[in-house]
There are 2 protein chains.
Amino acid sequence: MKLLDFFTDKVTEIGLSDLARLSGIDKATVLRMLQDMAESGFVEQNPENRRWRLGAGILRLARLREAAQPVTRVLTPILERLAGDTGETAHASLLSGRDLANIGVVEPTRANRVYIEPGLALPLHATASGLAFTAFARPEQRDRVLGRKLSAITGTTPVTRDSLAAMLTRTAARGFAVADQTYEDEVYGLAVPLFGPDGFACGALAVATPASRVSEPHERGILAALAPAAAEATRGLGGRVPAHHRIIY
Amino acid sequence: MKLLDFFTDKVTEIGLSDLARLSGIDKATVLRMLQDMAESGFVEQNPENRRWRLGAGILRLARLREAAQPVTRVLTPILERLAGDTGETAHASLLSGRDLANIGVVEPTRANRVYIEPGLALPLHATASGLAFTAFARPEQRDRVLGRKLSAITGTTPVTRDSLAAMLTRTAARGFAVADQTYEDEVYGLAVPLFGPDGFACGALAVATPASRVSEPHERGILAALAPAAAEATRGLGGRVPAHHRIIY
DNA sequence: AACGTCGGTGTAAATAATGAACCAACAAGG
DNA sequence: CCTTGTTGGTTCATTATTTACACCGACGTT
């Protein structure tokens with residue numbers, strides 16, 4: 001299933017040989033995997049160039065999940081309001097396997113804004129969303145993140161266990177997370193956890209701003225919009241904000 | 001991946017033992033599969049009752065596919081207009097593996113209307129959408145459908161190769177498909193193919209009406225709305241309607 | 001014409017998946 | 001209060017599976 005992770009916003013179709021190279025798996029094996037996944041509708045082959053792309057079955061499953069729990073429907077209006085109020089790009093993400101899945105993005109109207117790929121997988125240690133989630137996640141999840149080897153994505157990405165742990169305790173104390181160009185240069189992120197029914201984080205709500213625009217009042221304004229939006233989102237998803245959670249700037 | 005097919009509109013969470021029973025696979029194997037899929041975000045475990053449900057990673061992939069080719073965005077307004085014009089339930093589906101994946105449904109406002117499960121997998125031989133698709137699909141796909149053993153879903157479902165072949169040639173001649181309670185009792189379906197860039201069918205656009213409401217003028221009215229809607233949808237998806245395609249009532 | 005790449009196919013070797021038995025924990029029932 | 005039947009999860013020896021190498025024809029470039 002990791003084959004699917006090679007499809008991104010930009011590269012929507014991949015040929016057999018390319019996919020084998022990218023994944024490091026033998027061509028024959030990749031082909032069989034793709035054919036199996038095609039049976040289930042996860043991928044489909046472009047009949048023109050014989051390249052592979054994500055299949056319509058994914059849309060079906062997504063509708064199924066959305067019918068069971070309408071996260072997109074709940075989050076989209078909240079994101080729109082958040083982007084409008086802050087004038088910055090707002091996005092929401094949920095835990096998906098070993099990182100956060102970007103579920104929704106809304107950009108503001110201004111010209112200088114942060115672009116976030118739709119459907120991006122956000123690493124838990126290098127993004128504001130990831131920190132906000134991890135700091136309030138179930139302890140075993142927190143520990144699993146701390147136990148990984150942390151990849152350096154930019155120069156300021158935390159790579160040692162200690163620096164990450166420090167960031168997490170700081171995040172837990174403040175109630176929100178900051179990521180100063182730890183994932184992408186020039187991008188400054190503020191994030192707040194989204195809570196599940198068990199009172200632990202299940203995702204995050206975040207605002208990304210160009211680093212050049214960061215200032216104390218701006219930051220304060222973003223958090224003022226982010227906090228109630230996250231509370232509303234948590235409620236809308238059927239979650240419960242734990243009593244001790246406070247946002248302290 | 002067939003494990004995922006046991007999740008439906010109604011049953012959104014399944015326990016390990018249930019899933020093992022349903023699939024006929026050993027518990028241990030199912031557990032391992034689920035854990036692997038959880039790593040990729042396809043499923044996730046409800047921490048409260050330890051049951052499994054579709055994961056957030058599916059939403060991510062769906063967003064990715066939607067970014068590559070915005071089918072939902074294109075089809076939804078068309079479906080809404082279609083449902084409004086006909087006063088009946090309209091739905092669209094695309095080929096996904098061995099059957100059609102229901103991609104969008106819009107219901108009319110009237111009380112007596114057909115309900116179609118979101119995210120349903122439509123069998124190719126037993127639904128109007130399936131017939132419309134298969135009749136205009138690439139020859140090899142058509143033959144694959146004819147080669148299957150056809151399951152009887154209602155009393156009128158075509159089960160022999162010959163009866164299905166007859167239905168397909170009739171569909172090909174008329175340009176649209178009719179399914180008179182072949183999938184669900186009391187439901188009458190009319191469908192038109194959606195075409196891909198290669199001029200072969202890639203899906204179908206359909207209107208479902210209670211069998212009690214069927215009449216020649218009603219049917220004529222539905223087709224009058226369906227035909228231009230399908231043409232618009234095909235264009236919107238980047239497809240090409242073959243020159244020979246005509247709808248002849 | 002030579003070369004590289006493409007998607008795809010067989011087959012023998014080697015790995016990985018499999019499932020019966022077992023466990024603790026919980027619930028309903030007598 | 002014990003029985004009986006669930007549940008989710010684990011173990012480990014057996015086994016069948018996947019794997020990857022080599023090869024193929026087709027297409028495009030050089």
Partner residues of A/R98 under the side chain to side chain donor-acceptor pair (under 3.5 Å) criterion, sequence neighbours left out =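 Side chain to side chain donor-acceptor pair (under 3.5 Å) list for A/R98, sorted by chain: empty.
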With sequence neighbours excluded, residues passing side chain to side chain contact (heavy atoms under 4.5 Å, CB included) with [X]:
X: B/E184; result: B/V187
X: A/R235; result: A/A231, A/E232
X: A/S96; result: A/A101, B/A56
X: A/E140; result: A/R138

task = State whether A/T29 places a side-chain N or O below 4.0 Å from either non-bridging phosphate oxygen (OP1 or OP2) of D/dT18.
result =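 No, no such contact exists.
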ask   = Once each nucleotide of nucleotides 6-11 of chain D is scored for protein heavy atoms under 4.0 Å, what B/S/- sequence comes out, 5' to 3'?
value = -SBBBB
key: salt bridge (Lys or Arg N to Asp or Glu O under 4.0 Å) involving A/D143 - partner list, sequence neighbours excluded   =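 Once residues adjacent in sequence are excluded, A/D143 has no partner under the salt bridge (Lys or Arg N to Asp or Glu O under 4.0 Å) criterion.
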request  = Considering only heavy atoms of chain B and a distance under 4.0 Å, specify the first and last nucleotide of DNA chain C in 5' to 3' order that meet this criterion.
outcome  =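 From 5' to 3', the first and last contacting nucleotides are C/dT18 to C/dA20.
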Would you list the atom pairs, donor with acceptor, under 3.5 Å between side chains in residues 30-38 of chain A and any protein atom, with sequence neighbours excluded?
none

ask   = For B/R161 and B/L146, what are the C-alpha separation, side-chain angles and deciding distance, and is it a side chain to side chain contact (heavy atoms under 4.5 Å, CB included)?
value = CA-CA 6 Å; B/R161 186 194 162 97; B/L146 281 169; 4.0 Å; yes
Divergence of helical axes at both termini of the helix from C/dA1-D/dT30 to C/dG30-D/dC1 - five pairs an end, 10° steps =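 Inter-axis angle at the ends, rounded: 40°.
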Side-chain atoms of residues 58-70 of chain B: list all donor-acceptor pairs with protein atoms under 3.5 Å, sequence neighbours left out, distances to 0.1 Å.
from	atom 1	to	atom 2	distance (Å)
B/R60	NH1	A/G119	O	2.8
B/R60	NH2	A/D5	OD1	3.0
B/R63	NE	A/I103	O	3.2
B/R63	NH1	A/I103	O	3.0
B/R65	NE	A/L54	O	2.9
B/R65	NE	A/G55	O	3.2
B/R65	NH2	A/E44	OE2	2.6
B/E66	OE1	B/T72	N	3.4
B/E66	OE1	B/T72	OG1	3.2
B/E66	OE2	B/V71	N	3.4
B/E66	OE2	B/T72	N	2.8
B/E66	OE2	B/R73	N	3.0
B/Q69	NE2	B/L237	O	3.1

task = Give every residue pair that meets the ring-ring contact (aromatic ring centres under 6.0 Å, His included) criterion with at least one member in residues 123-143 of chain A, sequence neighbours excluded.
result =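 Those involving residues 123-143 of chain A are A/F136-A/F195, A/F136-A/H245.
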